Amino acid sequence: MEQHRIGVYVCECGTNIAKVVDCAAVVRAAEVLPGVAVATSYKYMCSTPGQEMIAADIQEKGLDRVVVASCSPRMHEPTFRRTIRNAGLNPYYLQMANIREQCSWVHGAGAEATQKAIDLVHAAVNRVGLHEPLESRTVAMCSNTLVLGGGIAGLTASLELADAGYQVYLVEKADHLGGNLARVDLTAPYLDSAQDLLRERIQRVANHPRIETFLGTELRSLEGYVGNFTAAVALAGGDGGSGAGNGSAAQSGDGGGPGRWALEVGSVIVAIGYKEFDASRITHFGYGKLPNVITSFEFEKMVREGRIQTAEGGQPQYAAIVHCVGSRSQEFHAYCSRVCCMTALKYAHELKSAVPGCYISDVYIDMHAFGKGCEDFYRRSSEVKTLFLMYGKNEYPVIRKADPADDCGLLIEVNEQLSREQIEIPADLVILMVGMEAREDSGEVAHMVGISQDKDGWFIESHPKLDPVATTTEGVFIAGTCAAPKDIPDSVAQARAAAGRILARIAKGSIEVDAVYAEIDEEACSGCRICNELCPYVAIEFDAEAKRSRVISALCKACGACVAACPSGAIRARHFTDEQIFAEIEGVLA
Amino acid sequence: MNAEVATAVETPVVGGDGRGAPAAEKQAALRVSGSSATFQPRIVGFLCNWCSYAGADLAGTSRTPYAATVRVIRVMCSARIDPTFVLKALAEGADGVLICGCHPGDCHYSEGNYKTMRRYPLLKRMLADFGIEEERVRLEWVSASEGQHFADVVDDMTRRIRALGPSKVKIALATDRAER
Amino acid sequence: MGESVATTKKLQIALYWGAGCGGCDVAVLDTNEFILDVAALADIRLWPIAVDAKYRDLEAMDDGELDLALFNGAVRNSENEHIARLLRQKSKLLVAFGSCAHLGGIPGLANLATKEEIYDRAYLHNPSIEPGNTTVPLTQTSVNGYRLELPRFHRRVYKLDDVVDVDYYLPGCPPASDQVKAVLVVIASGQLPPKGSVVGAGDRALCDDCTRTKTEKKVKEFKRPWQIMADPDLCLLEQGILCAGPATRSGCGVRCPTSAIPCRGCYGPLPGVVDQGAKLLSAVASIIDSKDPDEIDTILAGLPDFTGYAYRFGLPASLLQRSVRP
Amino acid sequence: MATRVNPKLIDDLEIYGAQDVSKCYHCGNCSAVCPFSQGERIFPRRSMRHLQLGLEERLQADLEPWLCYYCGECSEDCPREAEPGETMMSLRRWLTSRYDFSGISRLFYRSWKAELWAILLVALLTGVGFLLLGFVQGDLEIYDGPGAFLPSHIVHWFDWGMAAVLVILLGINCARMWWFTMGKEGRANGTHVPLGQYLARAFLVPYHFITQARYSRCEHKRPWAVHLVLMLSYVTMLVLIMFFLGSMQAGPGIDWRVHVFGYAAALGLVVTVIFAMRGRVTRTEAHYKHSHESDWIFLILLLTVAVTGILQHILHRAGLDAAANIVYVVHLMGVVPMLVLEVPFGKWAHMAYRPLAMYFSDLQPRAVPSRSRVEPVRPAGASSGRA
């Protein structure tokens, strides 16, 4: 094997790595490995000076391979690839050793953690020597975009793209636009009308020449790859899909039967939103049994209809609002649904203005008022004499019917945390602040567009902090509450961000896709056709007269299933070759 | 050196070099791992990039501690894991091999993990024929959100392999070399 | 080496039969009248099956006196090993002849059992042994004053290049006679391929030569050859018959599949493949048509002794080489 | 057994001056800065909470409001401007009205007009009464000695009579206070304080009454000083009037043994009252920020009494006996309502409730399980925790 000049850079990540792994020892161990020309550690390898150090060594010390031992490659591989590319090396001459997420953050300080780091670096050094120069491919970028979901996020994204002059296909499963926001009256904390926010957007979408709306329609499949997707959409089963896409849809791809369209798109924005938690799952609240226990959305309906009253038709003298219904509990959803607290305060105001004499009890676990203007809203609410009562996590308040003697219809028993008193709250109307849940169909959608979900069913972004709208599938973006509970401003911001990302790519006209894909050595292929059936992207075609199989690299997503299966070893996974992985195995076990 | 060894082991046949072997095996055992009290297994983990590797990263970001026994090798999909890799790892002296992929039905490549699901049982049968203990090779589905699960798997596997002691593959090959 | 051809001096060759079935020697004889040409241009100095020569004659030779040694059979005992070393010493070229020398061959399957188990089966508990007879071979015994020796039975089977350096590999169980012929001609002509090459075989999988039609593969049930009347024109694997063809070098002339017998893989792994069995496993399992673990198990149950099949000719050449059971 | 929440109570407390209770979100700053809030007595926060929840029973049993002297630090540090100090003040008013059996106090606190009318009425009666007395048996020209318009011995007798009545009224309210905070609570908790303890700790009442020792532990010292001076002057006056009225009224020569105290006390009263008034006008200090009508009425009364007292004394020394007598009557027209209405039913009552509260709060931890009772005893923490 030809002798390389490998640079090994061990990142201390402040103390994140250094306080557990003896970075100096790792450097000492790396120095003596074959082919290693430079080995050093530094506080923050990803910092500008850190990257400059690498670049300088490449140019001055003539390094031809680089190993960075630091955080997960999922975090900074792109960063360091850029670094060495700018320094004149092929970006694929990089290998990272994950000594933070998979070492210093999970092991106690000591010899074992350090040994593990050394082994990982050894593997990386072994591997990087076998790396080949790869050129990432550029493919054409189709400027059409498919937007799934006609809620505030979907509408915003669609308008953003269409206003920029590009075709948008907006697919909404329901028979009307507006999503969950359409069910809301006022919005917190500024109490401006949700309808005002929606109406003009919906109108603009409806009349926009560049937006084609498909109502009562759902995605059936998504094929292709970034810049070149084909989406099959069809009328949702049973649902009439009133006013579904008109003639021009048919032009955008052969329909394949009435109520079915094939859409050519370059990008996809998934904004399918959320569904509310089913309050009857928490028996303590008696939702469904006690007529005056209602959900937040049922209350919104009351407010929109302008009559806030009990089932008996009377005005409530006492009203209670119960927070975190389905949220922040071990039984149901551990996460916070984020919007309920402020919505609850909004209800307090709406109640006060509608029924001035009404006494309002706000039964909460913690008051989350982190948003802009929210803390102030919280203060104002307490000034209108809302009684705030704190209940303990997983210690649900119990709602029961009051005795005829009482001056109220319901009684809520709470172990009140601030006074440490077991108390009973009088109520005529109880509003349950139901939390947000991933939609039942989120799983299907995720599978169709090839993105993953967390344990709660929310879609996972490609990086929670640095890349919050992109997903692990190139060209597929997420916006709004399908990624996690969000308020309107955040959803809108995300929608615009996603649209922005897409516009940037459209502006470039073409898009770089990863150079990692499988290729078949036709000299070695025997045409046994074992691989043909294995490719989920039908990226392997069989040449009948040559009796050889061939990979259509643009379609290949580099999973490597065929590579492992090829009994003649004729298929190579670029950047994940057998030799490279053997070298890693030998490295970690050296 | 072959000659000496050959004569050294030259004894009546039945159980003959059975007497020579344990010594060599003990030596090898020492080479591999030191005394079994402080035996720290070396497990090679093959993790798919999208679910399991992300899951292992999550264990990190949420600071979930687990035994420092696993050395992770990242592949794009568990379907890329050629059984050859597993044999290679064992031949190179791994005390265990952990294969992780997305949960069935949740594969980033929609079906990759099913290929893994098909190969694994056959591989286990083959390993059993080679006298390799059940616990040494393990397939687990770990999603991107299951950091805790990953940590638990590693700890559990470490515990079981500790109980077994070091893998005998490398020792066996070492003693064979000694025989020639 | 070159000069030996330059001289008109006859080729000095030896053939040896190690731990094997003798089929390889037969394969040489199968070259029929060609063997006479061989005799014409070569002195056969050692060939236990055909020529009366003794080990001491071999020991007596000078180093490198032989031009070519064809070693068939695996290395099972000290005798095989001794001769292998002698031939390496005396011969300019050493060829691992046939699957056993090349990969360990059928005898190599013994590596799944311990030596004790083998002895037990062969000498102690066997239908053909009269009860109470506990005689087992010893390396040394003395019969009325005379010290008798038997070769030492190694713990396991080795392929030839485990014990000595090998120049060429001629795969096959046995190698196809025409391939044997061809190789001898090439060597005689002196146009030698690079050291370590596999000669007398193709560089692609058997399927390349196999005339059966292949479509996309999905298997719901594996069957033994005798269980079905196999379609003569369709790929055996697609009919559910385990065939090692896709994982095996071509060169044999597709003798088995053409006669409706699935390939056993005697020509060994393809170039660049580290472990033939593992590759066959991966390929075969991948095409199983099921996503249900239980169903998969049932389907796999149709592959009895898969290990034996996958390593039928190459266990000692596999990554694990042998069972680790004590 | 869960306690019923009464969201309406804070509305009621507004009338007593607690305007901002609902703003409190229980960060606990108030209790953190209060030098008195420690151990089980977490206030003002707990009182604020009980008030928000409208737990009347609890509030009625609480001694905390009396343990607070309204230094105002809590209100200054409150991030929500929930005015905990003022809340405690209002709670004291509320409690006073709760302790009062007659309901008069409640009436006065809820309507200052009622209080004013009552004062005027009493003043009128007093005026008429004493004028009658003067003209019937004495001479307007004579201030002291035989034939005096208002002979000191009669006034003295009247004072004693009135004192007796006041002590009875106040005594009843104090008894109620004991019942709410010690008796009833104790029974609920199945505990009681042994009589021995009551006797042993009895000294605390006069001690706190005289020294205001607790007040002195507040961060700000001035309010304590002012309050102390006011209180001492008042007490001095009381003593002089109850025991040395004769020599007070004697003259025209100045009997320094007595009068020097009188002058000091009078000065003390006037100065401190004016100081308090100035404070309530300028509102620079937290405890003067919010003034309930009752506060003003009280101060004005006090000032009138002090001024007229001094005036009649001067007039008498100036030989203007007739004028002195008239002013004397006016003086009594202030004194009588002030005592009759304020001591049992108004702000004055706190001079009894406060020391008692210190006394009780000292006793509560000394409670022991009552043998007589059958139901299980609540853990000591819980019982003393809710004192």
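Hydrogens, waters and symmetry mates play no part in the numbers below; they use all other heavy atoms, side chains included. Below, read A as the first sequence line, B as the second, and so on, with proteins coming before strands; counting in each chain starts at 1. This one's a predicted model, so the numbers in the text were calculated from it and none came from an experiment.
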Please look at D:Q19 and chain A and tell me whether the side chain, the backbone, both or neither of the residue comes under 4.5 angstrom of a heavy atom of that chain.
neither

Are any side-chain N or O atoms of D:S22 and backbone N or O atoms of A:S382, one a donor and one an acceptor, separated by less than 3.5 Å?
yes

Okay, A:L389 and chain D: the region with an atom under 4.5 Å from a heavy atom over there is both

Kindly compute the distance separating CZ (D:R46) from OG (A:S419), expressed to the nearest 0.5 Å.
9.5 Å

Contact class of A:Q317 relative to chain D, heavy atoms under 4.5 angstrom:
side chain

D:R49 with A:E416: basic N within carboxylate O range, under 4.0 Å
yes

Could you state the interatomic distance from NZ (D:K8) to CG (A:D407), rounded to the nearest 0.5 Å?
5.0 Å

Take a 6.0 Å sphere around CZ of A:R420 and say whether it holds more than 12 heavy atoms from other residues, nucleotides or ligands.
no

When you look at CH2 of D:W112, are more than 12 heavy atoms from neighbouring residues, nucleotides or ligands closer to it than 6.0 Å?
no

D:I10 and A:K385: side chain to side chain contact (heavy atoms under 4.5 Å, CB included), yes or no, with the steps?
CA-CA 9 Å; D:I10 40 175; A:K385 294 235 216 77; 3.4 Å; yes

A:L418 versus chain D, heavy atoms under 4.5 Å apart: side chain, backbone, both or neither?
both

Should the heavy atoms of other residues, nucleotides or ligands under 6.0 Å from CD of A:E305 be counted, would the total exceed 12?
yes

So for A:M367, is it side chain, backbone, both, or neither that comes closer than 4.5 Å to the heavy atoms of chain D?
neither

Any side-chain heavy atom of A:L387 sitting closer than 4.5 Å to one from D:Q52?
yes

Does A:R379 make a cation-pi contact with D:Y25, if we ask for NZ or CZ under 6.0 Å from the ring centre and within 45° of the axis?
no

Given side chains that start at C-beta, do those of A:E421 and D:L55 come closer than 4.5 Å, heavy atoms only?
yes

If you measure from OG1 on D:T3 to CD on A:E413, what distance do you get to the nearest 0.5 Å?
9.5 Å

D:R4 and A:I423: CA distance, side-chain angles, deciding distance, side chain to side chain contact (heavy atoms under 4.5 Å, CB included) verdict:
CA-CA 6 Å; D:R4 177 72 58 88; A:I423 56 166; over 6 Å; no

Counting only heavy atoms not in A:E383 (residues, nucleotides, ligands), do more than 12 fall under 6.0 Å from its CD?
yes

Ring pair (Phe, Tyr, Trp, His ring centres under 6.0 Å) with A:Y274: which residues, sequence neighbours excluded?
none

D:I42, part contacting chain A, at a heavy-atom distance under 4.5 Å
neither

Is A:Y378 in contact with chain D via its backbone, its side chain, both, or neither, using a 4.5 Å heavy-atom distance?
both

For A:Y359 and D:N6, does a side-chain donor sit closer than 3.5 Å to a side-chain acceptor?
no

